[in-house]
**Q** 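Here you go, one structure.
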Amino acid sequence: MRGRYIAGGTTLVDLMRETVERPETLVDISALPLREVTVTERGGLRIGALVRMAEAAAHPKVRTLYPVVSQALELSASAQLRNMATIGGNIMQRTRCAYFRDVTAACNKREPGSGCAALEGFNRTHAIVGTSRQCVATHPSDVAVAFAALEARVHLLGPDGERGVAFADFLLKPGSTPNRDQSLRQGELITSVEIPAHPRPLKSGYLKVRDRQSYEFPLTSAAVALHVRGGVIHEAKVAAGGVGTVPWKLPAVERHLIGERSSQALWTQAAERAAHGARPLAHNRFKIELLKRTVERQLRIVGGTP
Ligand code: SF4
């Protein structure tokens with residue numbers, strides 16, 4: 001493996017200790033001027049790649065404009081890790097699949113062509129959507145689910161200059177190349193994540209369901225943002241975590257909500273569409289029902305009931 005950028009180091013150093021990652025060179029980027037949160041000309045928000053998770057969660061603009069982002073960050077990891085880990089590093093973090101971290105196990109993501117121990121192994125926490133025969137690991141980030149829901153954009157800088165990539169295209173489903181997690185080109189660096197302006201007021205929030213209350217990755221999660229005017233839902237942004245190989249946008253749920261009025265029946269009907277296309281494994285069929293209930297509950301929390 002060639003060089004890697006390092007900032008907070010909260011994932012990469014762990015993986016190096018376990019010899020899962022063995023970069024030849026580490027480039028410390030922590031002194032780069034990428035630590036600002038700014039409101040864009042169009043009224044969106046740009047979060048520098050080196051903003052710490054705790055700083056982003058506490059930032060007044062993030063809290064007021066996009067509480068779903070603050071909540072997703074605050075429900076991630078431990079306070080100590082949130083004080084070190086950066087936004088860029090968070091969306092770059094690698095899967096928590098136990099076989100990926102066990103160098104004696106077959107894992108196509110760690111070692112292409114070696115197989116996937118999770119397919120026939122213990123796969124309770126693995127993905128039910130976006131999977132392939134090569135890999136069924138979930139993406140572990142909470143805030144990435146909020147970014148996916150809000151249709152954020154990742155800004156990159158590389159040898160060929162700057163470019164922006166839609167969040168939906170930045171993280172890659174495993175397909176036949178599960179070793180590639182992001183659509184980064186050689187030498188590219190994340191400089192910021194931009195959340196576009198959405199109609200206001202935008203009510204939003206993040207719900208995470210996990211085996212224990214703290215320092216745990218999601219079994220399921222839901223990021224919801226709604227713009228309601230005159231009692232009618234004019235904009236709906238919904239994504240799920242813990243179920244996909246990438247943060248899983250739910251366009252069928254969104255479409256069902258647009259133009260409707262809040263009601264318990266609406267939340268239930270919309271959430272029924274959350275698990276379309278799911279392909280459960282031997283131990284994670286329960287995630288289908290859990291996902292629907294998670295989405296329904298978060299729609300009700302954000303949208304309320306008349
Ligand atoms: Fe490796 Fe993916 Fe299989 Fe886990 S699910 S063992 S990360 S190939």
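Counting starts at 1 for both ligands and their atoms, following the listed order. Numbers here simply count residues along the sequence, with the first being 1.
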**Q** So which heavy atom in the protein is nearest atom 4 (Fe) of ligand 1, and how far is it from that ligand atom?
**A**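 Of every protein heavy atom, Cys97 SG, 2.3 Å lies nearest to atom 4 (Fe) of ligand 1.
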**Q** I'd like to check which ligand 1 atoms, numbered from 1 as shown, lie under 4.0 Å from a non-hydrogen atom of Gln134.
**A**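 Near Gln134, the atoms of ligand 1 are 8 (S).
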**Q** Whether the side chain of Asn123 engages the backbone of Ala118 through a donor-acceptor N/O pair (distance < 3.5 Å, no angle test) should be reported.
**A**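 Checking the backbone N and O of Ala118 against the side chain of Asn123, a donor-acceptor pair under 3.5 Å is found.
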**Q** How far is atom 3 (Fe) of ligand 1 from the closest protein heavy atom, and which atom is that?
**A**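 Scanning the protein heavy atoms, the shortest distance from atom 3 (Fe) of ligand 1 goes to Cys116 SG, 2.3 Å.
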**Q** Would you list the atom pairs, donor with acceptor, under 3.5 Å between side chains in residues 216-230 and any protein atom, with sequence neighbours excluded?
**A**
residue, atom, partner, partner atom, Å
Thr220, OG1, Thr294, OG1, 2.8
Ser221, OG, Tyr206, OH, 2.8
Ser221, OG, Gly241, N, 3.1
His227, ND1, Pro201, O, 2.9
His227, NE2, Arg229, NH1, 3.1

**Q** Among all protein non-hydrogen atoms, which one is nearest to atom 2 (Fe) of ligand 1, and what is the separation to 0.1 Å?
**A**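 The protein heavy atom lying closest is Cys135 SG, 2.4 Å.
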**Q** Identify, by atom number and element, the atoms of ligand 1 in contact range of Tyr99, meaning under 4.0 Å from any of its heavy atoms.
**A**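 It comes down to these atoms of ligand 1: 6 (S).
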**Q** For atom 7 (S) of ligand 1, what's the nearest protein heavy-atom neighbour? Residue, atom name and distance, please.
**A**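 Residue, atom and distance for the closest contact: Cys107 SG, 3.6 Å.
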**Q** Any heavy atom of Arg110 closer to ligand 1 than 4.0 angstrom?
**A**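 No, Arg110 has no heavy atoms under 4.0 Å from ligand 1.
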**Q** Taking the basic N atoms (NZ, or NE/NH1/NH2) and the acidic carboxylate oxygens, is any pair closer than 4.0 Å for Arg46 and Glu36?
**A**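 No, no charged N to carboxylate O under 4.0 Å.
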**Q** Suppose I only count heavy atoms of Phe100 and a 4.0 Å limit; which atoms of ligand 1 are within that range?
**A**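 Answer for ligand 1: 7 (S).
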**Q** Only heavy atoms of Lys109, strictly under 4.0 Å: list the atoms of ligand 1 that pass.
**A**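 Per the distance check, 7 (S), 8 (S).
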**Q** Counting only heavy atoms from other residues, nucleotides and ligands, does the tally under 6.0 Å from CZ of Arg210 exceed 12?
**A**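 Result for CZ/Arg210: enclosed.
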**Q** Among His198, Glu151, Glu254, whose side chain to side chain donor-acceptor pair (under 3.5 Å) with Lys237 holds?
**A**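 The passing option is Glu151.
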**Q** Return the option from Thr95, Val136, Asn123, Asn179 holding the heavy atom at the smallest distance from atom 5 (S) of ligand 1.
**A**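 That would be Val136.
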**Q** Salt-bridge test for Arg110 and Glu21: reply yes if a basic N is under 4.0 Å from a carboxylate O, no otherwise.
**A**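 Looking at Glu21 together with Arg110, the answer is no, because their closest N to O distance does not fall below 4.0 Å.
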**Q** Is a salt bridge present between Glu296 and Lys292, judged by a nitrogen-to-oxygen distance below 4.0 Å?
**A**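 Between Lys292 and Glu296 there is no salt bridge, as every charged N stays at least 4.0 Å from the carboxylate O atoms.
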